[in-house]
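Here's the structure we're looking at; comments come further down.
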Amino acid sequence: QLQASGGGLVQAGGSLILSCAASGFTRDDYGIAWFRQAPGKEREGVSCFSFRDGSTIYSHSVKGRFTISSDNARKTVYLQMNSLKPEDTAVYYCAADPTLPRCGSYSIGLYEYDYWGQGTLVTVSS
C-alpha cells in the first residue's frame, strides 16, 4: 500500500515536499517512482528512487529543481520540489515495484508498476 501526501497550492518559485509512505511490502529493496498528470495531458514520469541500490533519476523537466530522497526506516520516499512553475501543476502519484532492478530512464517511462498510491494535487499559481 502506498500513501501519498503533501500536495497543495503554492506560488511560482515556491517549494513543496511530497511524501510516499509504503506499507505491507515483504521486501525492502523495491523502487518507488513519482509520476504526474496534468489536466488534458498524458501521465509523465518525474523521478525514481531505488531502495535496492540508492539509484535515482529525474525527468528533464524537473532535473535541478526536484530532489528525491528516502527514509529507509519509515519506508518513505520524499520529493522535494523547489522553484516550482505553473507547468508543474498536476496530480502527483507514487508507484512502487518490488522487482524494479534499479532506477533508469525506463523507470520513469513505460515500466509497469504493480502498486500505485492515490494522487495528491499540486497547484502552482503564477
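A single hydrophobic cluster is seen to contain both L84 and L79, as judged by linkage of ILVMFWY side chains at heavy-atom distances under 4.5 Å, directly or through other members. Hydrophobic clustering, with ILVMFWY side chains joined whenever heavy atoms are under 4.5 angstrom apart, keeps V122 apart from I108. Cluster membership check: L121 does not share its hydrophobic cluster with L2, using side-chain heavy-atom separations under 4.5 Å among Ile, Leu, Val, Met, Phe, Trp and Tyr. Put simply, V62 and Y93 are part of two different groups of oily side chains (I, L, V, M, F, W, Y) that touch within less than 4.5 Å, one to the next. The cluster map of Ile, Leu, Val, Met, Phe, Trp and Tyr, joined by side-chain heavy atoms under 4.5 Å apart, puts L100 and I32 in different clusters.
A distance of 15.5 Å separates CZ of F51 from CZ of R102, quoted to the nearest 0.5 Å. Between the OG1 atom of T99 and the CG atom of D29 there is a distance of 9.5 Å, given to the nearest 0.5 Å. Distance check, rounded to the nearest 0.5 Å: NZ of K63 to OG of S47 gives 10.5 Å. The OG atom of S107 sits 10.5 Å away from atom CG of D97, with the distance rounded to the nearest 0.5 Å.
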What side-chain donor-acceptor pairs closer than 3.5 Å can you find for residues 6-21, not counting sequence neighbours?
unit_1	atom_1	unit_2	atom_2	d
S15	OG	N82	OD1	2.9

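Residue pairs that meet the side chain to side chain donor-acceptor pair (under 3.5 Å) test with at least one member in residues 117-126, sequence neighbours left out, do not exist here.
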### Query
So V77 and C94, side-chain contact (heavy atoms from CB on, under 4.5 Å) or not? Walk me through it.
CA-CA 9 Å; V77 168; C94 57; over 6 Å; no

### Task
Test R65 against D88 for side-chain contact (heavy atoms from CB on, under 4.5 Å), laying out the working first.
CA-CA 11 Å; R65 300 187 296 121; D88 294 317; 2.7 Å; yes

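With S55 contributing its side chain and C103 its backbone, the two residues share a donor-acceptor pair below 3.5 Å. A donor-acceptor pair under 3.5 Å is absent between the side-chain atoms of R36 and the main chain of V91, judged by distance alone.
Between Y115 and F25, the distance from one ring center to the other falls under 6.0 angstrom. Ring pair F35/Y113: centre-to-centre distance below 6.0 Å.
Counting only N and O atoms by type, the side chains of S61 and E44 include a donor and acceptor under 3.5 Å apart.
With a 4.5 Å cut-off on side-chain heavy atoms, F49 and S69 do not count as touching. Side-chain contact check for I68 versus F66: every heavy-atom pair is 4.5 Å or farther apart. Using a 4.5 Å heavy-atom threshold, the side chains of Y106 and P101 count as touching. By the 4.5 Å heavy-atom criterion applied to side chains, D114 and P98 are counted as neighbours. At least one side-chain heavy atom of Y58 sits less than 4.5 Å from a side-chain heavy atom of T67.
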